Trainee: 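Structure provided below as structure tokens; questions to follow.
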Amino acid sequence: MMNIQIPVTKKKRIVIIGGGFGGLALADKIRSEEFQVVLIDKHNYHQFQPLLYQVASAGLEPSSISFPFRKNFRKKKDFYFRLAEVKDLLIEEHVVVTSIGNLSYDYLVVAAGTTTNFFGNETIRKVALPMKSVEEALTLRNTLLLRLERALDCSNPDTKQSLLNVVIVGGGATGVEIAGAISEMKKYIIPKDYPDLKKDALTIYLVEGSTKLLASMSEEASGNALRYLTDMGVIIYLQKRVVNYEAGRVLLNDGQSLPASTLIWVSGVVAEHFNNISPELIGHGGRLLVNEFNQLKDHQDVFVIGDICLQKNEASYPNGHPQVAPVAIQQGELLADNLERMLKGSSLVPFAYKDRGALATVGRNKAVADLKKLRLHGFMAWVVWMLVHLRSILGVKNKLIVLINWIWNYITYDKSVRFIFKSSPKGY
Ligand SMILES: Cc1cc2nc3c(=O)[nH]c(=O)nc-3n(C[C@H](O)[C@H](O)[C@H](O)COP(=O)(O)OP(=O)(O)OC[C@H]3O[C@@H](n4cnc5c(N)ncnc54)[C@H](O)[C@@H]3O)c2cc1C
């Protein structure tokens, strides 16, 4: 295969796979005086995953949570972006194999994140709607809106109910947030836009395998999230698992089945996969094993950061760090400094995660926050959640658009973007 055309210079070349939270933090911080940087991503934009659920529930336009890489790095010297999918890592040869050609590197940084885990169930993979990318969030929005349109003229009551049943699998932050957002659509939007549907027509189920929602947060946060969602009319099944989908019914492990056209799958992730990686470099969840400096086991010039890496050196995280944005960002920033230290022959600094807490929102004035010294719920937690997310979105224009949308939605009880742009529903 041909090579990707990047000029060869005297500088060391860093190839970064993935411009998510980790890759972007690294690429932003690394000094182009010292290195040539090539960022490869299969999308030409960075996506702000924490707000995907608002795109899926017609609250925000996809462009307000996406930011083009070329614009972000316009002013960076000796920086190259290539839109391509990396397939193979030829670590011994110092080469990555991509969909548009091969590229050699001095240092490789794998920051490719994770993908949805369907636990090997092919039927569920084909039918269910995941929510890991902007495209998937848009497919979900289209599907939800199309189902409402179809339900209006459906004369068979069973089929109609199935069109109006939504089953969400996974009671982590994403499942809780999308359940809350759809339930707000049901309360505020459906009566206005679909007056000929009954007020309580839409039924939302949230299925979680463990004993509580938001398993990684405090008991208090889990309890509050459960209470909020129950009050909002979401039917919650704890300690139940979805095992299959057959003839329009979602099958649960206890033999129960729910008729539902829309199955939203946010129940777990698995690391992105590359060919030619030896099995002893892979840990649980398909994550690549690294040392305290994020170096791939036995390979000093290959670094792995963010969700895709598994670092077990830190005493408080013996099973690896949580797969959240701050870990990826902090690892990316530290790696930028460590690569410069490497160039100067200084010793590297090990990674130590600074955990500032966890947040999840359920809906209007309803959120939960486990901060370092403070636990909040309700309106205050919701304000904190909004400020934290606004601060983190890339681009001043995006911050403004998101803020205006939120204020508009808050005042009018309306969501502004209920368009069906592409008809690609999944399911029965
Ligand atoms: C719906 C949702 C909500 C979330 N909410 C929160 C939250 O509220 N707070 C929080 O802290 N975390 C949240 N997370 C988790 C957070 O988004 C991740 O921890 C974070 O994105 C990890 O960053 P990363 O850099 O490792 O990978 P990512 O941000 O996932 O970036 C990976 C990048 O690699 C690219 N890529 C992947 N494979 C290839 C390939 N083969 N070739 C080329 N490019 C490739 C992708 O296009 C992507 O740009 C959420 C995640 C999701 C899905």
Side-chain angles (χ1 to χ4, degrees), residues 15-27 38-57 65-69 81-89 96-100 103 109-117 129-137 140 168 170 172-178 181 214 216-217 264-275 277 287-288 294 304-310 321-333 335 353 355-361 367-369 385-386 388-389 392-394:
V15 172
I16 306 173
I17 306 172
F21 284 101
L24 197 78
L26 165 66
V38 184
L39 172 65
I40 305 177
D41 201 298
K42 56 186 173 183
H43 299 102
N44 74 339
Y45 52 86
H46 170 78
Q47 37 197 342
F48 190 74
Q49 294 179 7
L51 291 182
L52 282 177
Y53 84 95
Q54 296 209 358
V55 171
S57 57
I65 63 156
S66 317
F67 200 86
F69 291 123
F81 171 72
R82 287 296 179 269
L83 177 64
E85 182 164 357
V86 176
K87 310 268 187 198
D88 294 52
L89 305 182
V96 293
V97 179
T98 82
S99 51
I100 58 164
L103 186 65
V109 181
V110 184
T114 55
T115 186
T116 301
N117 192 354
L129 293 142
M131 204 176 53
K132 270 292 287 172
S133 65
V134 170
E135 294 104 309
E136 288 172 354
L140 179 44
I168 300 162
T174 306
V176 164
E177 289 176 348
I178 190 71
L214 302 176
S216 61
M217 292 186 75
I264 300 175
W265 191 265
V266 285
S267 91
V269 291
V270 60
E272 285 282 356
H273 170 79
F274 296 99
N275 299 324
I277 297 282
R287 293 163 81 178
L288 300 176
N294 283 92
V304 189
I305 58 172
D307 279 6
I308 191 174
C309 82
L310 186 59
H321 296 96
Q323 289 168 296
V324 290
V327 171
I329 294 169
Q330 290 173 31
Q331 287 182 337
E333 288 174 346
L335 183 53
Y353 177 42
D355 183 3
R356 295 188 181 96
L359 299 159
T361 184
V368 288
W385 179 91
M386 280 195 294
V388 167
H389 284 78
S392 316
I393 296 169
L394 214 57

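All values derive from a computational prediction rather than experimental measurement. For ligands, and for the atoms within them, numbers begin at 1 and follow the listed sequence. Side chains are part of it too, since the values below use all heavy atoms of this structure and drop only hydrogens, waters and symmetry mates.
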Trainee: Take Ile40 and Lys42 through the side-chain contact (heavy atoms from CB on, under 4.5 Å) test and state the conclusion after the steps.
Mentor: CA-CA 7 Å; Ile40 305 177; Lys42 56 186 173 183; over 6 Å; no
Trainee: Going by the angle between their ring planes, with limits at 30° and 60°, are Phe81 and Phe69 parallel, tilted or perpendicular?
Mentor: tilted
Trainee: So if I apply the side-chain contact (heavy atoms from CB on, under 4.5 Å) rule between Ile168 and each of Thr174, Leu129, Ile178, Val176, which one comes out positive?
Mentor: Ile178
Trainee: What are the distances between nitrogen or oxygen atoms of ligand 1 and protein nitrogen or oxygen atoms, counting only those under 3.5 Å?
Mentor:
from: ligand 1; atom 1: 11 (O); to: Ala325; atom 2: N; distance (Å): 3.0
from: ligand 1; atom 1: 12 (N); to: Ala325; atom 2: N; distance (Å): 3.4
from: ligand 1; atom 1: 17 (O); to: Gln49; atom 2: OE1; distance (Å): 2.9
from: ligand 1; atom 1: 19 (O); to: Asp307; atom 2: OD1; distance (Å): 2.8
from: ligand 1; atom 1: 19 (O); to: Asp307; atom 2: OD2; distance (Å): 3.2
from: ligand 1; atom 1: 19 (O); to: Gln323; atom 2: O; distance (Å): 3.2
from: ligand 1; atom 1: 19 (O); to: Val324; atom 2: N; distance (Å): 3.3
from: ligand 1; atom 1: 19 (O); to: Ala325; atom 2: N; distance (Å): 3.3
from: ligand 1; atom 1: 25 (O); to: Phe21; atom 2: N; distance (Å): 3.2
from: ligand 1; atom 1: 25 (O); to: Gly22; atom 2: N; distance (Å): 2.8
from: ligand 1; atom 1: 26 (O); to: Asp307; atom 2: N; distance (Å): 2.9
from: ligand 1; atom 1: 29 (O); to: Phe21; atom 2: N; distance (Å): 3.3
from: ligand 1; atom 1: 30 (O); to: Gln49; atom 2: NE2; distance (Å): 3.1
from: ligand 1; atom 1: 41 (N); to: Val86; atom 2: O; distance (Å): 3.0
from: ligand 1; atom 1: 42 (N); to: Val86; atom 2: N; distance (Å): 2.9
from: ligand 1; atom 1: 44 (N); to: Lys42; atom 2: N; distance (Å): 3.2
from: ligand 1; atom 1: 47 (O); to: Asp41; atom 2: OD1; distance (Å): 2.6
from: ligand 1; atom 1: 47 (O); to: His43; atom 2: ND1; distance (Å): 2.9
from: ligand 1; atom 1: 49 (O); to: Asp41; atom 2: OD1; distance (Å): 3.4
from: ligand 1; atom 1: 49 (O); to: Asp41; atom 2: OD2; distance (Å): 2.6

Trainee: Run the side-chain contact (heavy atoms from CB on, under 4.5 Å) check on Glu136 and Leu140 step by step: do they pass?
Mentor: CA-CA 6 Å; Glu136 288 172 354; Leu140 179 44; over 6 Å; no
Trainee: Within the 4.5 Å heavy-atom criterion, are Leu89 and Lys87 side-chain neighbours or not?
Mentor: no
Trainee: Is there a donor-acceptor contact under 3.5 Å from the side chain of Gln323 to the main chain of Asp307?
Mentor: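 Between the backbone of Asp307 and the side chain of Gln323 there is a qualifying donor-acceptor contact (under 3.5 Å).
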